[in-house]
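Just so it is clear, the model here is predicted, and its values are computed rather than measured. Whatever order the structure lists them in is the order used to number ligands and atoms, beginning at 1. Index from 1, following the sequence.
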Amino acid sequence: MKITEVRLGLISVPLRVPFKTALRSVSSVEDVIVEIHTDTGAVGYGEAPPTGVITGDTTGAIIGAIRDHIAKTIIGRDVDDFEDLMIALNACIQKNTSAKAAVDMALWDLYGQLYKIPVYKLMGGAKKSIVTDITISVNDPEEMVRDALNAIDRGYDCLKVKVGKEPEKDIARLSAIRGAVPKETCIRIDANQGWTPKEAVRILNGMQEKGLDLEFVEQPVKAHDFEGLKYVTERSYVPVLADESVFSPQDALTIMQMGAADLVNIKLMKCGGLYNALKIASAAEVYGVECMIGCMLEAKISVNAAVHLACAKQIITRVDLDGPVLCSEDPILGGAVFNEKDITVSNEPGLGIKGIEPGKIKYLD
Ligand SMILES: C[C@H](N)C(=O)N[C@@H](CCC(=O)O)C(=O)O
Ligand SMILES: [Mg+2]
């Protein structure tokens with residue numbers, strides 16, 4: 001199965017409500033789609049969101065990295081030489097993890113199609129279904145309560161609440177939500193780097209003393225501040241999950257060796273795809289550190305690839321794959337079935353994506 005062409009396109013999917021974090025506010029998913037064509041007629045699908053505030057990757061940079069570096073590296077190669085392909089993909093350009101992730105998943109899709117096996121089975125095949133949380137954007141407490149109750153009505157029992165924008169208001173936000181939702185609701189919070197280490201310890205221990213019962217806090221401090229993350233992990237009653245601090249398998253190893261976090265969030269867009277995500281999962285297995293699988297604001301092609309990973313590995317015990325359910329429509333054909341919180345992986349060979357609804361993709365050539 002030889003690679004003949006790499007085709008790029010753009011999709012735009014409106015969100016149900018604007019997505020707001022300590023780092024950004026957006027009202028639609030605007031992603032780059034990758035199609036890898038082969039001489040057998042098989043097509044592999046990938047997707048990358050331009051999450052510049054986290055990955056540094058913009059739409060133009062994703063397109064440029066794929067056109068000018070990655071496509072030239074992979075066209076003409078055989079999908080069966082998979083390990084060589086993965087090494088070449090990772091070596092042909094520095095950073096650009098979102099572009100690499102989009103191409104990596106398209107290649108896994110083709111490799112699975114070549115051997116007629118779903119990718120989650122190729123990678124381990126631990127389970128067929130998973131349950132995701134849903135994100136509540138950071139807003140005034142009343143609006144957050146309204147969004148939280150709407151999520152409960154939709155059947156979600158785990159909320160990932162965004163905080164970290166005005167540290168002093170965060171306790172009020174959480175108190176309002178905890179007071180409004182059923183008491184068994186799981187609440188995790190994500191500060192998206194919004195606090196200093198000392199602020200984080202004060203706020204988190206204040207939340208716990210108020211009985212807000214948080215499962216964990218995601219990325220309380222700046223991404224580069226590994227010592228600050230460790231400071232919080234050692235002093236907070238609320239467990240700490242490293243998100244923006246962990247891009248590569250090397251980052252994951254450093255965080256685990258330092259004991260800087262209790263949990264790690266694996267995202268394909270941070271690590272460059274499934275090939276590197278598997279290395280993070282293996283390191284986590286060695287250190288006994290449970291992982292969450294997360295996503296950026298992404299539509300179903302790339303989140304579907306993350307579903308395959310989550311279904312493959314037992315060390316992934318938490319799921320934040322709500323990109324598709326935050327969208328007001330789903331233009332992607334095939335792949336996992338998203339029934340609100342319940343996600344069932346596709347048993348089709350590869351990743352199971354069949355294409356994009358006609359008229360919903362703008363090809364770039
Ligand atoms: C969408 C997901 N639940 C999420 O919150 N992901 C990121 C932020 C993604 C973005 O800004 O696109 C996270 O920080 O965990
Ligand atoms: Mg996060």
Side-chain angles (χ1 to χ4, degrees), residues 12-13 15-32 47-59 62 97-98 101 130-139 144 147-148 151 154 156 158-165 186-195 200 214-223 229 232 238-247 251 255 261-271 291-300 302-307 310 316 318-328 338 340-341 343:
S12 174
V13 186
L15 296 174
R16 287 165 176 254
V17 293
F19 180 79
K20 298 183 191 168
T21 73
L23 294 172
R24 68 178 189 144
S25 284
V26 275
S27 52
S28 59
V29 168
E30 305 286 340
D31 287 359
V32 178
E47 175 185 352
T51 320
V53 289
I54 295 177
T55 58
D57 299 335
T58 61
T59 303
I62 294 167
T97 49
S98 308
I130 49 177
V131 176
T132 185
D133 63 12
I134 189 163
T135 304
I136 306 299
S137 286
V138 57
N139 279 304
M144 293 177 79
D147 289 348
R154 288 171 66 187
Y156 292 91
C158 187
L159 307 177
K160 165 160 148 167
V161 180
K162 293 288 186 181
V163 290
K165 216 163 167 213
C186 149
I187 299 183
R188 42 185 73 156
I189 60 175
D190 188 354
N192 281 111
Q193 312 177 50
W195 299 326
L214 304 178
E215 185 197 13
F216 60 75
V217 59
E218 203 171 317
Q219 200 62 43
V221 302
K222 293 274 179 267
L229 197 65
V232 182
V238 180
V240 173
L241 176 142
D243 183 6
E244 290 95 314
S245 290
V246 174
F247 269 56
D251 293 336
I255 291 283
D262 302 293
L263 301 150
V264 163
N265 191 352
I266 303 176
K267 285 187 190 149
L268 302 183
M269 297 303 142
K270 292 186 298 171
C271 68
C291 297
M292 180 155 92
I293 181 89
C295 61
M296 304 297 183
L297 260 193
E298 301 163 35
K300 205 173 73 182
S302 48
V303 175
N304 175 64
V307 170
I316 298 175
R318 274 97 169 163
V319 179
D320 174 36
L321 294 180
D322 58 348
V325 296
L326 297 174
C327 292
S328 62
F338 285 73
E340 295 291 7
K341 70 179 183 349
I343 306 174

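Closest to atom 5 (O) of ligand 1 among all protein heavy atoms lies Lys162 NZ, 2.8 Å. Protein heavy atom at the shortest distance from atom 1 (C) of ligand 1 is Asp322 OD1, 3.4 Å. The protein heavy atom nearest to atom 12 (O) of ligand 1 is Arg24 NH2, 2.6 Å. Atom 14 (O) of ligand 1 has as its closest protein heavy atom Asn192 ND2, 2.7 Å. Looking only at heavy atoms of the protein, atom 7 (C) of ligand 1 is closest to Lys267 NZ, 3.2 Å.
Polar contact with ligand 1: present for Leu297 (N/O pair, distance under 3.5 Å). Looking at Asn265 next to ligand 1, no N or O pair under 3.5 Å apart turns up. Considering backbone and side-chain N/O atoms, Lys160 comes within less than 3.5 Å of an N/O atom of ligand 1. Among the atoms of Met296, none of the N or O lies under 3.5 angstrom from an N or O of ligand 1. The shortest N or O to N or O distance between Glu244 and ligand 1 is not under 3.5 Å.
For the pair Ser25 (side chain) and Lys20 (backbone), a donor-acceptor distance under 3.5 Å is absent. With hydrogens and angles ignored, the 3.5 Å screen pairs a side-chain donor or acceptor of Ser245 with a backbone N or O of Ala223. Not a single donor-acceptor pair under 3.5 Å links the side chain of Thr58 to the backbone N or O of Gly52. Between the Lys162 side chain and the Ala22 main chain, no donor and acceptor come within less than 3.5 Å of each other. A donor-acceptor distance shorter than 3.5 angstrom exists from the side chain of Gln219 to the backbone of Glu244, with no hydrogens or angles considered. Looking only at distances, no side-chain donor or acceptor of Asp262 sits under 3.5 Å from a matching main-chain atom of Pro239. Side-chain atoms of Glu218 never come within 3.5 Å of backbone atoms of Pro220 as a donor-acceptor pair (strictly under, hydrogens ignored). A side-chain donor-acceptor contact under 3.5 Å links Glu47 to the backbone of Ala299.
Residues Lys267 and Met296 have side chains in contact (heavy-atom distance under 4.5 Å, counting atoms from C-beta outward).
Using a 4.0 Å cutoff on heavy atoms, Cys295 counts as a contact of ligand 1. Using a 4.0 Å heavy-atom cutoff, Gln219 is absent from the residues neighbouring ligand 1.
Within ligand 1, the atoms closer than 4.0 Å to a non-hydrogen atom of Asp243 are 13 (C), 14 (O), 15 (O), numbered from 1 in the order shown.
Of all protein atoms, those of element N, O or S that lie under 2.8 Å from the Mg ion (ligand 2) number 3.
The only option from Asp190, Ile293, Thr135, Ile134 that meets the side chain to side chain contact (heavy atoms under 4.5 Å, CB included) definition with Asp320 turns out to be Thr135.
One finds the CG atom of Asp243 at 6.5 Å from the CE atom of Met292 (value rounded to the nearest 0.5 Å).
A salt bridge does not link Arg318 to Asp133: none of the charged nitrogens lies less than 4.0 Å from a carboxylate oxygen.
Only side-chain heavy atoms of Asp190 come within less than 4.0 Å of ligand 1; its backbone N, CA, C and O stay farther off. Counting heavy atoms under 4.0 Å from ligand 1, residue Val53 does not touch it at all.
Residues passing the side-chain hydrogen bond (donor to acceptor under 3.5 Å, both in side chains) test with Asp147, sequence neighbours excluded: none.
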